[in-house]
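Read the structure below first, then the notes.
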Protein chains: 2
Amino acid sequence: MSSSAELKKAGLKTTLPRLKILSMLENASIRHMTAEDVYKSLLDSGEEIGLATVYRVLTQFENAGLVIRHNFEGGRSVFELNDEGHHDHLVCMECGDVFEFYDKAIEERQQKVADESGFVLDNHSLYMYGVCEGIRKNGKCSINKRKLPSILTTSKRR
Amino acid sequence: MSSSAELKKAGLKTTLPRLKILSMLENASIRHMTAEDVYKSLLDSGEEIGLATVYRVLTQFENAGLVIRHNFEGGRSVFELNDEGHHDHLVCMECGDVFEFYDKAIEERQQKVADESGFVLDNHSLYMYGVCEGIRKNGKCSINKRKLPSILTTSKRR
DNA sequence: GGTATTATTGCTAATAATTTGTACTAACGT
DNA sequence: ACGTTAGTACAAATTATTAGCAATAATACC
Ligand SMILES: [Mn+2]
Ligand SMILES: [Mn+2]
Ligand SMILES: [Zn+2]
Ligand SMILES: [Zn+2]
């Protein structure tokens, strides 16, 4: 589906800033980006945008269900496209790498715990923090996930 | 153990502000408090303290392992005394009530997931958000957990 | 106990991240 | 195309937290 159609489906008008941001999220080499990551990446790609707009649009995307906001330990909010199913996260405290996982047993036990406590569950966040294999074995992470794309392949226009 | 001894054991000098804060955490009717909750509660109890000191001391307590810091969805940091063993949290989005739980199966699966990913785990946070039974059945929570103690039973001095 | 040494406090001012106000534009239904 | 309404850019405001620094309080030593 086109980005424009995705915005429409989410009940959002198709505007250039929104297209740029959605496009950046879809094409960036890193999946979990802060508002400023998105902003800087767009500037680096030669796109013009305001930081406040990035914040505003990311929040709209969150409310529309287009992106998920995460609050990893100690840091600012990071956003990821809501294109895969639900999953939880393993964060390396050394290199910042984020590994995603889904564990059916954990999900089921969570539901059970909620049921037993009389809670109707809305959502949950499970973040695990540790040190990844790359750092432990090679002293540094194999892939530098902090690198942002210098060119935005889509979002080119006119 | 006395509060003073607890501070010593944690490698912190016994000072009046630290005693007041530790005492407040030990005696408050709510377990999970923001820095400002602690600050306001102390003022309400007639105790004098600076807000910056509360932030500073809570961070020191965190580093010393005396308290745990949580970042519940959307809100500011909340602190709880590290006197029980590890547990995770169920937060009611309506009344703010916090239920604690420990599920051995979840903990074990988490370890397994980390092992399989080559991660050495340091810590994790699992927060579940929903609506509690009290709200659903009575329209409001039975216990108002937001109420702060007006008098500090300990920490009186001289 | 009295005094030196040094950590800690309580201001207040500074930050960092995010949000808001507003005058200016762009989108889109007709 | 036109008008209405929503969205944008930029600056200024907020909110939560931290930093700078002079005044104080807590051990250490005599
Ligand atoms: Mn999950
Ligand atoms: Mn746990
Ligand atoms: Zn993810
Ligand atoms: Zn707890």
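Per chain, numbering begins at 1; letters A, B, ... match sequence-line order. All values below come from the heavy atoms of this structure, side chains included, with hydrogens, waters and symmetry mates left out.
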Next item on the list: Mind checking B/Thr15 for me? I need base, sugar-phosphate or nothing, with any heavy atom below 4.0 Å counting as a touch.
Entry: sugar-phosphate
Next item on the list: Pick base, sugar-phosphate or nothing for B/Arg56, based on heavy-atom distances below 4.0 Å to the nucleic acid.
Entry: base
Notebook entry, point to check: Aromatic rings B/His70 and B/Tyr127: how do their planes relate, parallel, tilted or perpendicular, breaks at 30° and 60°?
Noted result: perpendicular
Output the single nucleotide from [options] whose closest atom is nearest the side chain of [X].
| X | options | value |
| --- | --- | --- |
| B/Thr14 | C/dC28, D/dA9, D/dT27 | D/dT27 |
| A/Thr59 | C/dT19, C/dC28, C/dG10 | C/dT19 |
| B/Arg76 | D/dA16, D/dT8, D/dT27 | D/dA16 |
| B/Ala52 | C/dC11, D/dA26, C/dA27 | C/dC11 |
| A/Tyr55 | C/dT19, D/dT8, D/dT27 | C/dT19 |

Distance check needed: [N] [atom2] versus [X] [atom1], whole Å only.
| X | N | atom1 | atom2 | value |
| --- | --- | --- | --- | --- |
| B/Lys13 | C/dT9 | NZ | P | 9 Å |
| B/Asn63 | C/dA7 | CG | P | 17 Å |
| A/Gln60 | D/dT8 | CD | P | 6 Å |
| B/Tyr39 | D/dT17 | OH | C1' | 14 Å |
| A/Leu19 | C/dA26 | CG | P | 15 Å |
| B/Glu48 | C/dC11 | CD | C1' | 13 Å |
| A/Leu51 | C/dT18 | CG | C1' | 8 Å |
| A/Leu42 | D/dA9 | CG | P | 11 Å |

Notebook entry, point to check: Testing A/Val57, A/Leu42, A/Val38 for side-chain contact (heavy atoms from CB on, under 4.5 Å) with A/Lys20, which one passes?
Noted result: A/Leu42
Item checked: DNA chain D: 5'-proximal contact among B/Lys8 and B/Arg69 (nearest heavy atom) -> B/Arg69
Notebook entry, point to check: Side chains of B/Gln111 and B/His124: do they bring a donor and an acceptor to under 3.5 Å?
Noted result: no
Note to self: Please tell me whether B/His89 and B/Phe72 form a close aromatic pair, meaning their ring centres lie under 6.0 Å apart.
What the structure shows: yes
Checklist line | Validation row, ring centre A/Phe99 to ring centre B/Phe119 under 6.0 Å | finding: yes
Margin query: Side-chain N or O of B/Ser77 versus OP1/OP2 of D/dT17: is the shortest distance under 4.0 Å?
Written below: yes
